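Remember, it's 1-based here, ligands and their atoms both numbered in the order they're listed. One-based numbering along the sequence shown. Just so it is clear, the model here is predicted, and its values are computed rather than measured.
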Amino acid sequence: GAIMAADDTAVLAASMTTARVPDTETFDTRAIQELDAAHFLHPFTDHAALRDKGVRVIVRGQGVHLWDSDGKQLIDGMSGLWCVNVGYGRTSISQAVYRQMETLPFYNSFFNTTNVPAVQLAAELVALAPPQFSHVFFTGSGSEANDTIVRMVRRYWDILGQPERQVIISRKNAYHGSTMAGASLGGMAGMHAQGGLPIPGIRHIEQPNYAELGAGLSENAFGLVAAAWLEEEILALGADKVAAFIGEPVQGAGGVIIPPATYWPEVQRICDKYGILLVADEVICGFGRLGTWFGSELMGMRPDLISFAKGVTSGYVPLGGVLVGKRVAHALVEQGGDFNHGFTYSGHPVACAAALENLRILKGERLVEKVALETGPHLKAAFNHLATHPLVGHAESCGMVAGLNLVRAKGATVHECERFDPALGVGMVCRGHMFDNGVIMRAVGERMIVAPPLVMTKAEIDEMAGKIWDCLDLTLADLKARGWM
Ligand code: PMP
């Protein structure tokens, strides 16, 4: 694809006349691709490689399906980006957004003012959250929520007269966002390598990844070992220096890493023992993803703070925030005076109106219960079946997230499979076959993952799993043809 001159007005005009009506027959894909290559810097993208391949243009969504500009239908196994939990095309959300925009599109909540949807949403979130929560701080995204958490936990210990409690412990292969603090909390080496990260006062321990680190142990024994890494780090730093521990109940972007059942209760015990705040990053796990309103509830965590985003609005408009437990809220509200932190869009009325309607849908359609009792178990059965495919070493799921590992040869246990050379990029080859055959699945190394919309029916799960099986066949043949197996 050619890089266009910025003033190529003919191409711009062509794209604009069609862009307003994203009809797959009249849509000028080529013009959009050229403008994209010329002007749009994408997140986490090798742009030279993207330009050569040609970007895919997604134009429409309905239910669990998407359509691209060639008219191709895709089943969205990733809920957009772990967020479109109630599915695409929800008219009641667009109507709620429209009504709120007509009434009050924006007002700030800095200077003795508030707005009705933000207040209603704060109360609703506290009602849905575990009993220790009393307050909400709104942000525009998950990254901003985690930045807020860094400032809030340090502020908390200042207020309590222990300002030396600064260090926040996180985990390798965690994902907590892409801002300075979010990327620092995250444990992605590739992110730390760019931009001088992590910021001071962030430490990383190993993740509770049984397949990678648990050889020779039972899962439950490994869970206790992984939790003990936290205690070792606390003792190495000195407990009086440690402010908080943060983790995703189930690591999402790291590859759907589901911890052993023993892990979080033991982490909770260790945090309690040393008086350290526990933070659950529920940006993915919140709002029903694991079959509970918050993943913490399923995992036996009793967090002091929860960061959320994504599923709170099902991604229809950006919104994030921090649920604040009574322990921290009391210090902030009763003792702390000004907390010098906030965003223009903290409590944005339109985003909050979208969230209120989204939560009404989740409750009205009993989607959280459905994930727990129907669709989650169905997805688990489907992935257990996919685990019998010759290319798959093992598969796991939890609620509406699931992952499977591509291996050169199966083994008796997850630790005995013969693995591919990571440099081959087998996961990306597989992802290509998936996309070409109408199913969106994400690759994290050799791990293939899904996080479907919570509205996906059992029949649609079967449709998706059937396509995944067929694409595994195609991938297997492809890898053999390349001489990689
Ligand atoms: N935390 C987790 C667990 C996430 O998965 C993400 C996004 N994938 C974030 C934080 C960052 O959220 P955002 O992209 O909205 O800033």
* To do: Please confirm whether H135 and F137 have ring centers closer than 6.0 angstrom.
  => no

* Asked: Has R90 got its NZ or CZ under 6.0 Å from the middle of the six-membered ring of Y316, at an angle within 45 degrees of the ring axis?
  -> no

* Asked: Around atom CE of M180, are there more than 12 heavy atoms of other residues, nucleotides or ligands at under 6.0 Å?
  -> no

* Measuring from each atom of ligand 1, which residues have a heavy atom under 4.0 Å away? -> S141, G142, S143, N146, Y175, H176, G177, E248, D281, V283, I284, K310

* Asked: Between D76 and Y88, do the side chains contain an N or O donor and an N or O acceptor separated by less than 3.5 Å?
  -> yes

* To do: Determine, using ring centers only, whether H433 and F435 are less than 6.0 Å apart.
  => no

* Structure fact -> Nearest heavy-atom contact between E124 and L356 is CB-CD2, 4.3 Å

